[in-house]
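Data block below; observations after.
In this chain, residues are counted from 1 in sequence order. Both counts, for ligands and for their atoms, begin at 1 and track the order of listing.
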Amino acid sequence: MKRDESQFQAALNTLKYQNNNGALFNIKKAFFDDINRFNNFSLKLDDLLFDFSKCAVSKNTLRLLENLARIANISSRRDAMFTGESVNITENRPVLHTALRAPEKCKILLGETDLVPEIQSVLAKMEKFSNAIRNGLLKGERGNPFTDIVNIGIGGSDLGPAMVTRALRPYHNGPACHFISNIDSAHIIDTLGALNPSNTFFIIASKTFTTIETMTNALFARQWIANSLGATAVCKHFAAVSSAINKVIDFGIDESYIFGFWNWVGGRYSVWGAIGLPVMIAIGSAQFRQFLAGAHIMDEHFRKTPLMTNIPVVFGLVGFWHRVICNYPTRAVIPYEQRLKRLPAYLQQLDMESNGKCVTSEGTQVTTATGPIVWGEPGTNGQHAFFQLLHQGTDIIPIEFIISVNSHEPNLQSQHNLLLANYLAQTEALLCGRPAEAAYTQMIQQGVGENEARRLAPHKAFPGNRPSITIMQDLLTPFALGRLLALYEHRVFVEGILMNINSFDQWGVELGKDLANSLVKMIEGEAEDSTKKSLSGLLSHIRAYRK
Ligand code: F6P
């Protein structure tokens with residue numbers, strides 16, 4: 001399944017050469033030359049629209065990208081992931097988060113074992129538990145039902161459930177959910193400050209149950225409960241989601257309150273299983289299953305659709321095009337959907353922890369760029385902050401607009417119309433720009449004097465020809481959100497294959513963790529100061545100002 005590298009490089013060079021590294025393509029003109037450009041360069045899956053017509057790609061570009069996808073063995077690599085081969089080659093693990101959202105009737109074999117019954121039994125346990133919390137049957141030490149759930153976790157054990165819970169606010173009919181991730185004491189103090197221990201239930205979410213941030217916050221929370229309700233209350237106020245069952249039991253959590261997951265689920269792909277427990281508590285199990293069903297629809301589409309009508313494949317190819325051929329260093333994700341405020345942060349982990357690598361799967365230095373910097377904020381807020389640079393800055397930043405045709409507030413339709421209009425205006429302005437001459441004429445029509453209009457025209461000109469992608473759905477339902485997240489997961493997978501890197505490990509987070517462990521001893525004065533010049537100055541400054 002290893003790709004033929006010389007064939008791939010030759011195809012890459014042809015792609016670069018025939019497209020002048022993406023430089024000269026006039027997107028606006030392409031809409032005049034091909035009146036069907038929107039249809040020819042967009043794809044649909046039910047109500048989901050994926051529109052890449054405003055990217056600098058021609059039919060020939062697509063043909064050459066398809067050729068790359070074939071040489072990179074995208075289809076067989078995808079099948080290897082879905083069928084449980086150890087595609088995470090540096091940790092020797094299969095990657096089977098897709099199994100977490102497979103319907104009950106599916107059979108997914110890992111060796112001799114069918115994974116589906118195990119997955120369904122964890123889901124059933126989550127269901128029973130979340131129903132008991134939601135119905136007030138599960139009570140705390142003082143006999144109170146739980147009004148507040150606090151998830152303590154970080155990275156994949158926080159970003160997924162925190163983002164999804166926020167995104168699905170209109171479906172909340174359970175207790176309030178809060179999320180604590182940062183080791184900064186401000187996070188736990190500010191969150192617990194507003195809560196009453198008698199009504200508060202904690203979920204400690206950590207695959208390894210060793211992550212320093214999570215364990216430190218968990219110990220604080222345990223003390224907070226014990227101080228107020230007594231040590232025996234801990235087993236009534238804590239559950240854990242982890243694959244390290246013994247460590248959880250040592251912490252004092254009752255076995256019946258432990259929800260497991262498997263080492264074939266990476267942290268950033270884990271919201272579909274027990275890590276999604278806060279989501280299930282917030283929206284109920286039926287809606288949670290809708291969330292899984294949406295992701296499964298995208299899995300099926302990804303598995304079964306031919307390459308160039310396959311949305312995640314084309315999304316990945318266009319992403320590769322922007323990053324590797326056009327050499328754009330970043331991509332912005334702009335949800336015109338306030339409830340998706342944390343989506344950019346979630347996608348930062350998904351994309352940058354997966355594809356921020358500098359060696360190939362074979363362990364050699366990469367020869368092309370790898371994962372881009374991912375960032376973003378909701379529109380319209382971003383328009384009043386960084387869109388200036390997107391329109392007139394010297395870097396080209398492809399933008400991914402995400403928007404729903406309808407909102408959950410039908411009686412505020414006029415506000416949603418304004419949101420839609422703003423999104424349309426931005427994507428159009430990025431594409432068309434405005435020549436200095438047009439800016440000049442407009443000012444003259446507005447009564448500005450000729451000299452002043454000449455002076456200001458260059459400042460008011462927009463270069464245009466700036467690429468954007470639109471992902472549009474009917475409404476941000478649990479189903480639509482599941483489908484959207486699975487789309488992004490598979491897109492990251494496709495890009496990783498094209499870049500020939502292992503998207504499923506994250507060794508790059510280890511070095512900082514190791515250093516922090518030894519440095520805390522120096523800060524606490526338990527170890528000699530570092531002899532490194534880069535550290536000793538900072539350490540002595542900390543010491544000088546320490547109160
Ligand atoms: O430090 C990175 C990381 O390992 C992520 O990949 C993971 O999602 C996060 O830490 C949390 O890990 P855990 O769930 O084991 O606490």
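Aromatic pair F479/F291: centroids not less than 6.0 angstrom apart. Remark: aromatic rings of Y257 and F129 are close, center separation under 6.0 Å.
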Side-chain polar contacts of residues 363-370 - donor-acceptor pairs under 3.5 angstrom, sequence neighbours left out - could you list them?
from: T364; atom 1: OG1; to: T360; atom 2: OG1; distance (Å): 2.8
from: Q365; atom 1: NE2; to: C358; atom 2: O; distance (Å): 3.3
from: T370; atom 1: OG1; to: N355; atom 2: O; distance (Å): 3.4
from: T370; atom 1: OG1; to: K357; atom 2: O; distance (Å): 2.8

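R543 is linked by a salt bridge (charged side-chain N to carboxylate O under 4.0 Å, His left out) to D529, counting only residues two or more places apart in sequence or in another chain. The ring pair (Phe, Tyr, Trp, His ring centres under 6.0 Å) test applied to Y269 returns H97, F504, not counting sequence neighbours.
Sorted by chain and number, the residues within 4.0 Å of ligand 1 by heavy atom are I154, G155, G156, S157, S206, K207, T208, T211, G267, Q349, E353, Q506, V509, K513.
Within 6.0 Å of NZ on K247 lie no more than 12 heavy atoms contributed by other residues, nucleotides or ligands.
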